[in-house]
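Worksheet for the structure shown next.
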Amino acid sequence: MRTDTARSWLAAGLLALLSLGCLPTWAQAPLKFGVLAFRSKENTEAQWKLLTQQMDLARALGRPVEVQAFDFDGLSRAIGRNEIDIVMTNPGDYALLRHRNGVSAPLATLVVQEGPHALSAFGGVIFTRTDATAIQTLADVAGKRIAAVQAGSFGGYQMQAFEMLEAGLELPSDRQLVLVGMPQDGVVRAVQEGRADVGFVRTGVLEAMAAEKGLDMRSLRVLNPQSLASFPYVASTRLYPEWPVAVMPQVSEDIARRLAVALLSLPAQGPGARASGI
């Protein structure tokens, strides 16, 4: 009797273990896709949820996928708590994650569709109000109040600070910085409202606010304007590669390969890509 009972328990255990490999997609733990939002978190989440649905990413990966948008601090905390499996962030933040958290090599990088332009790079913008007649060049930024999301932002601070260094200028002091946090729209408002003299944002933010919120581009002056062939946005800095998508160390190589295939197989003219502007 004991032998039969033991065999029954053993058979049941083996069946339970085998069944774990046959669980339907909905029954498995979801993969958490964390996206850094440089503008509205709500819009960013909606954009990437739509895209993952159009790609049928859950089917491609064999796991449900949950998308969540974060600001810098939120993304850093979530990664520190091992709550993120897939991450898309700016190149500067990616380099830090690679060093601190062992994130994978980029599986793909973002290409933004802007009218007829497919943009694989972005830059930074330094701007002031048009009526700030004393601020005309980079040298005039010295000692002025500068609005930025935070000093760790690649397109929202570090690119611009590097251009100042390259021009032989000192980096802004802590007293100069007016840090407003995400989204970058707040930087524009800080300059408009006179809380800062100069603003740092990534390329495309001013044009997006003009299209969505009626921002009058004539009310702002871009400093150190660059002449960049086939680049549709105003820029004050050189261009850098667009945002990478990578996976955290706990993600299996099989999932990483499937994700890379799914991302690189996304049709540029498909409905998901068009709706998301990528």
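Computed over heavy atoms, backbone and side chain alike; hydrogens, waters and symmetry mates excluded.
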If every non-hydrogen atom of Ser236 is compared with every non-hydrogen atom of Ile126, which pair is closest and at what distance?
-> OG-N, 2.8 Å
Quick check, are the ring centers of Phe154 and Tyr240 under 6.0 angstrom apart?
-> yes
Whether Ser153 side chain and Gln150 backbone form a donor-acceptor pair below 3.5 Å | no
What distance do Leu263 atom CG and Arg258 atom CZ have between them, rounded to the nearest 0.5 Å?
-> 14.0 Å
Should Phe38 and Val125 be counted in the same cluster of Ile, Leu, Val, Met, Phe, Trp and Tyr side chains packed under 4.5 Å apart?
-> yes
Can you find a pair of side-chain heavy atoms, one from Leu171 and one from Leu165, that are under 4.5 Å apart?
-> yes
Distance (rounded to the nearest 0.5 Å) between Glu83 CD and Leu75 CG = 11.0 Å
What are the two closest non-hydrogen atoms of Ala235 and Val222, and how far apart are they?
-> O-CG1, 4.4 Å
Leu51 and Leu266, any side-chain heavy atoms less than 4.5 Å apart | yes
Check: Asn82 and Met248 side chains under 4.5 Å, non-hydrogen atoms | no
Heavy-atom pair of closest approach, residues Ser40 and Asn43 | OG-N, 3.2 Å
Distance col, row Ser252:OG vs Arg63:CZ, nearest 0.5 angstrom, shows 7.5 Å
Shortest non-hydrogen contact from Ala196 to Ala147?
-> CB-CB, 3.6 Å
Under the 3.5 angstrom rule, does the side chain of Ser76 hit a backbone N or O of Phe72 as a donor-acceptor pair?
-> no
Decide yes or no for Val247 and Ser104: does some side-chain heavy atom of the first lie under 4.5 Å from some side-chain heavy atom of the second?
-> yes
Within the distance-only criterion (no hydrogens, no angle test), does the side chain of Arg202 pair as donor or acceptor with the backbone N or O of Gly155 below 3.5 angstrom?
-> no
Do Val198 and Val178 belong to the same hydrophobic cluster, where Ile, Leu, Val, Met, Phe, Trp and Tyr are linked whenever their side-chain heavy atoms lie under 4.5 Å apart, directly or via other members?
-> no
Considering all heavy atoms, the nearest Val180-Ala190 contact = CG1-CB, 4.2 Å
Of all pairs that satisfy side-chain hydrogen bond (donor to acceptor under 3.5 Å, both in side chains), the ones with a partner from residues 159-170, not counting sequence neighbours = Glu163-Arg238
Does a side-chain heavy-atom distance below 4.5 Å link Val245 with Val87?
-> no
Check whether the side chains of Asp140 and Thr137 place a donor and an acceptor atom closer than 3.5 Å, and report yes or no.
-> yes
Roughly how far apart are Phe127 CZ and Leu206 CG, rounded to 0.5 Å?
-> 5.5 Å
Applying the 4.5 Å side-chain criterion to the ILVMFWY set and letting contacts propagate, would Leu36 and Val187 be lumped into a single cluster?
-> yes
Do Ile84 and Val35 sit in the same hydrophobic cluster, where Ile, Leu, Val, Met, Phe, Trp and Tyr count as joined when their side-chain heavy atoms come under 4.5 Å apart?
-> yes
Drop me the distance from Leu228's CG to Thr203's OG1, to the nearest 0.5 angstrom.
-> 9.0 Å
Do Phe200 and Gln184 touch side chain to side chain, with heavy atoms closer than 4.5 Å?
-> no
Can you name the nearest heavy-atom pair linking Ser230 to Leu119, along with the distance?
-> O-CD2, 4.2 Å
Go through the steps to decide whether Glu212 and Glu207 satisfy the test side chain to side chain contact (heavy atoms under 4.5 Å, CB included), and finish with yes or no.
-> CA-CA 9 Å; Glu212 299 167 8; Glu207 290 84 354; over 6 Å; no
Can you check whether Met182's main-chain N or O pairs, donor with acceptor, with Asp71's side chain at less than 3.5 Å?
-> no
List the steps and the verdict of side chain to side chain contact (heavy atoms under 4.5 Å, CB included) for Gln136 and Leu223.
-> CA-CA 7 Å; Gln136 299 286 338; Leu223 306 180; 5.6 Å; no
Does any N or O in the side chain of Arg221 come within less than 3.5 Å of the main-chain N or O of Thr128, such that one atom is a donor and the other an acceptor?
-> no
Checking Thr130 side chain against Arg218 main chain: does a donor-acceptor pair fall under 3.5 Å?
-> yes
Step by step, work out the side chain to side chain contact (heavy atoms under 4.5 Å, CB included) result for Met209 and Val188.
-> CA-CA 9 Å; Met209 290 185 68; Val188 180; 3.6 Å; yes
Answer whether the closest heavy-atom distance between the side chains of Trp48 and Met88 falls below 4.5 Å.
-> yes
Out of curiosity, does Leu96 fall in the hydrophobic cluster containing Trp243 (side-chain heavy atoms, cut-off under 4.5 Å, transitive links)?
-> no
Interatomic spacing from CZ in Arg77 to CZ in Phe70 - rounded to 0.5 Å = 9.5 Å
Please lay out, stage by stage, how Glu45 and Gln68 fare under the test side chain to side chain contact (heavy atoms under 4.5 Å, CB included).
-> CA-CA 6 Å; Glu45 272 189 20; Gln68 187 173 357; 3.5 Å; yes
Mind checking whether Leu259 and Leu57 have side chains closer than 4.5 Å, heavy atoms only?
-> yes
Is there a donor-acceptor contact under 3.5 Å from the side chain of Thr237 to the main chain of Gly123?
-> no
So does Asp216 have more than 12 non-hydrogen atoms from other groups sitting under 6.0 Å from CG?
-> yes
Residues 190-199 vs side-chain hydrogen bond (donor to acceptor under 3.5 Å, both in side chains), sequence neighbours excluded, gives Arg145-Asp197, Glu193-Arg195
Quickly, which of Asp85, Asp56, Leu31, Thr52 forms a side-chain contact (heavy atoms from CB on, under 4.5 Å) with Leu61? Name it, please.
-> Leu31
For the side chain of Thr109 and the backbone of Pro244, is there at least one donor-acceptor N/O pair under 3.5 Å apart?
-> no
Does Gln250 CD have over 12 foreign heavy atoms under 6.0 Å away?
-> yes
Does Gln176 reach the main-chain N or O of Lys144 with its side chain, forming a donor-acceptor pair under 3.5 Å?
-> yes
